[in-house]
A.B. asks: 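For reference, the structure I am asking about is given below.
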2 protein chains.
Amino acid sequence: MERELEKLLKKSRLSVTDSRVKILELFFNQQGALAHGDIEKRTGEKFDRVTVYRTLQAFLTKGIIHTIPTNDNSIRYALCKDTCEEGHHHDNHVHFVCNDCGNTTCLEEIIIPEIKLPKGYASNQVEMIVSGICRACKKG
Amino acid sequence: MERELEKLLKKSRLSVTDSRVKILELFFNQQGALAHGDIEKRTGEKFDRVTVYRTLQAFLTKGIIHTIPTNDNSIRYALCKDTCEEGHHHDNHVHFVCNDCGNTTCLEEIIIPEIKLPKGYASNQVEMIVSGICRACKKG
DNA sequence: TAATAAGATGCAACTTTGTTGCAAAATATT
DNA sequence: AATATTTTGCAACAAAGTTGCATCTTATTA
């Protein structure tokens, strides 16, 4: 596990440090999205707030994670499945936000359908966020 | 105009005040979404920051405006075309965010296509945000 | 329309969130 | 192992958001 993470970091030309490995681990160990706050909580005040910000920023520009639009004031981040080139990142899957548990999940298998824009508009990226009750909460 | 706004406020059981009328006017006078910051700027420091927060909150719970998910840390608000019941708000149109001018527009005429969710998921609301270059910026 | 009740506003003080510069520490390179 | 390069944590700060409370405004009613 640690090895894999190291590889990913090295491939992205990021030096392998404690914080990066731990934070990356968090993403791998959970099937969903994390906000900055979640990460601070789950790392247990191990790293400085600034480090978390910078780590997320680094992962973002290297295309290791991507952002998911939200309705509240917190950017959510999730792992990119297919490796994305720096800068040019494109997700094409639907995101699901559970109103019960609050978790955000990537529905990798659900592809965002194409739409026709009005004349004069040029599309660059499309996001689709479905909210409702997730599988786990429906059962419970 | 003022009359219409007053009517809308009264219908929502909100008392008619200076700030509410002015802020509501802002929404009516522009075809797009506004973040808290935009509103503060455009009202020209006329109202206290706290008032703006509380006004938006009030409009939101009364179903006068709705939020649009964003990738940055700012909630964007837009007018609800069809009046929405309190709490239960449903938009079905696509939102467009211009990477050039930064404006968010409601594409009222573009309806969000239906999608099939994996088993066990229940959908409640769907948001679709397209980003790129808007008509105005493409011309300029 | 004046008096009262209900509600909204602004201020102050505070908390939370995010940013920047810089010295010290860790990692990478030779 | 020594040096160069990065990254980290701290401090100080800026921006964004929240809460309680006295004051003022709007609504209500007689």
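Each chain gets a letter, A, B and so on, in the order its sequence line appears, and its residues count up from 1. Just so you know, these numbers use all the heavy atoms, side chains as well, and skip hydrogens, waters and symmetry mates.
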A.B. asks: Can you check the A:Lys41 NZ to C:dT17 C1' distance for me, whole Å?
C.D. replies: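 The distance from NZ of A:Lys41 to C1' of C:dT17 comes to 12 Å, rounded to the nearest Å.
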A.B. asks: Applying side-chain hydrogen bond (donor to acceptor under 3.5 Å, both in side chains), can you list everything that pairs with A:Asn71, at least two apart in sequence or on another chain?
C.D. replies: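 side-chain hydrogen bond (donor to acceptor under 3.5 Å, both in side chains) check on A:Asn71 returns B:Thr67.
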A.B. asks: Toward the 5' end of DNA chain D, which comes first, B:Gly37 or A:Leu14, by nearest nucleotide?
C.D. replies: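 This one resolves to A:Leu14.
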A.B. asks: Would you kindly give the CD1-to-P distance between A:Ile75 and C:dG18, to the nearest whole Å?
C.D. replies: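 About 7 Å, once rounded to whole Å.
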A.B. asks: With sequence neighbours excluded, what pairs up with B:Lys138 under the salt bridge (charged side-chain N to carboxylate O under 4.0 Å, His left out) test?
C.D. replies: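 Per chain and number, B:Lys138 pairs via salt bridge (charged side-chain N to carboxylate O under 4.0 Å, His left out) with no residue.
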A.B. asks: Grab the CG-P distance between A:Leu56 and C:dT17 for me, whole Å please.
C.D. replies: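 Value for this atom pair: 14 Å.
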A.B. asks: Which two nucleotides bound the region of DNA chain D that has atoms under 4.0 Å from heavy atoms of chain B, read 5' to 3'?
C.D. replies: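 Contacts span D:dA16 to D:dA27, reading 5' to 3'.
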A.B. asks: Enumerate the protein-to-nucleotides 10-14 of chain C contacts in which both atoms are nitrogen or oxygen and the separation is below 3.5 Å.
C.D. replies:
{"unit_1": "C:dG10", "atom_1": "OP2", "unit_2": "B:Asp48", "atom_2": "N", "d": "3.3"}
{"unit_1": "C:dG10", "atom_1": "OP2", "unit_2": "B:Thr51", "atom_2": "OG1", "d": "2.5"}
{"unit_1": "C:dG10", "atom_1": "N7", "unit_2": "B:Arg54", "atom_2": "NH2", "d": "3.0"}
{"unit_1": "C:dG10", "atom_1": "O6", "unit_2": "B:Arg54", "atom_2": "NH2", "d": "2.6"}

A.B. asks: Once side-chain contact (heavy atoms from CB on, under 4.5 Å) is applied, do any residues pair with A:Val50, and if so which ones, sequence neighbours excluded?
C.D. replies: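 side-chain contact (heavy atoms from CB on, under 4.5 Å) list for A:Val50, sorted by chain: A:Asp48, A:Arg54.
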A.B. asks: Find the distance B:Lys22:NZ to C:dA8:C1' and express it as a whole number of Å.
C.D. replies: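 Going from NZ in B:Lys22 over to C1' in C:dA8 covers 16 Å.
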A.B. asks: Taking all non-hydrogen atoms of both residues into account, name the closest pair between B:Ile133 and B:Asp100 and its distance.
C.D. replies: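 In this case the closest contact between B:Ile133 and B:Asp100 is CD1-CB, 4.2 Å.
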A.B. asks: Search all heavy atoms of B:Pro113 against all heavy atoms of B:Met128 and return the closest pair with its distance.
C.D. replies: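 In terms of heavy atoms, the two residues are closest at CD-SD, 3.8 Å.
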A.B. asks: Given that B:Lys10 and B:His36 both sit by DNA chain D, which one's nearest nucleotide is further toward the 5' end?
C.D. replies: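 The residue whose closest nucleotide sits nearer the 5' end is B:His36.
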A.B. asks: Considering residues at least two apart in sequence or located in another chain, which fulfil the side-chain contact (heavy atoms from CB on, under 4.5 Å) criterion with B:Ile111?
C.D. replies: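 Per chain and number, B:Ile111 pairs via side-chain contact (heavy atoms from CB on, under 4.5 Å) with B:Asn92.
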A.B. asks: Excluding sequence neighbours, so at least two apart, what forms salt bridge (charged side-chain N to carboxylate O under 4.0 Å, His left out) with A:Lys46?
C.D. replies: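 Result, salt bridge (charged side-chain N to carboxylate O under 4.0 Å, His left out) vs A:Lys46: A:Asp18.
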A.B. asks: Between B:Gln57 (CD) and C:dT9 (C1'), how many Å, whole number?
C.D. replies: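 Roughly 16 Å, once rounded to whole Å.
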A.B. asks: Just to verify, what does B:Arg76 make a salt bridge (charged side-chain N to carboxylate O under 4.0 Å, His left out) with, not counting sequence neighbours?
C.D. replies: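 Listed in chain order: B:Asp72.
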A.B. asks: Measure CG/B:Asn73 against P/C:dT19 and give the value in whole Å, please.
C.D. replies: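 Going from CG in B:Asn73 over to P in C:dT19 covers 8 Å.
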A.B. asks: Among all residues two or more places apart in sequence or in another chain, which pass the side-chain contact (heavy atoms from CB on, under 4.5 Å) test with B:Arg49?
C.D. replies: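 Per chain and number, B:Arg49 pairs via side-chain contact (heavy atoms from CB on, under 4.5 Å) with B:His36, B:Glu40, B:Tyr53.
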A.B. asks: What residues, two or more places apart in sequence or in another chain, satisfy side-chain contact (heavy atoms from CB on, under 4.5 Å) together with B:Pro118?
C.D. replies: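 Partners of B:Pro118 under the side-chain contact (heavy atoms from CB on, under 4.5 Å) test: A:Leu107, A:Glu109, A:Ile110, B:Tyr121.
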A.B. asks: How large an angle, rounded to 10°, do the end axes of the helix from C:dT1-D:dA30 to C:dT30-D:dA1 enclose when each is built from five base pairs?
C.D. replies: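 Between the first-five-pair axis and the last-five-pair axis there is 40°.
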A.B. asks: Would you please name every residue forming a side-chain hydrogen bond (donor to acceptor under 3.5 Å, both in side chains) with B:Thr17, sequence neighbours left out?
C.D. replies: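 Here the qualifying residues are B:Ser19.
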A.B. asks: Please give, in whole Å, the distance from C:dG18 C1' to A:Glu40 CD?
C.D. replies: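 So the CD-C1' distance, A:Glu40 to C:dG18, works out to 10 Å.
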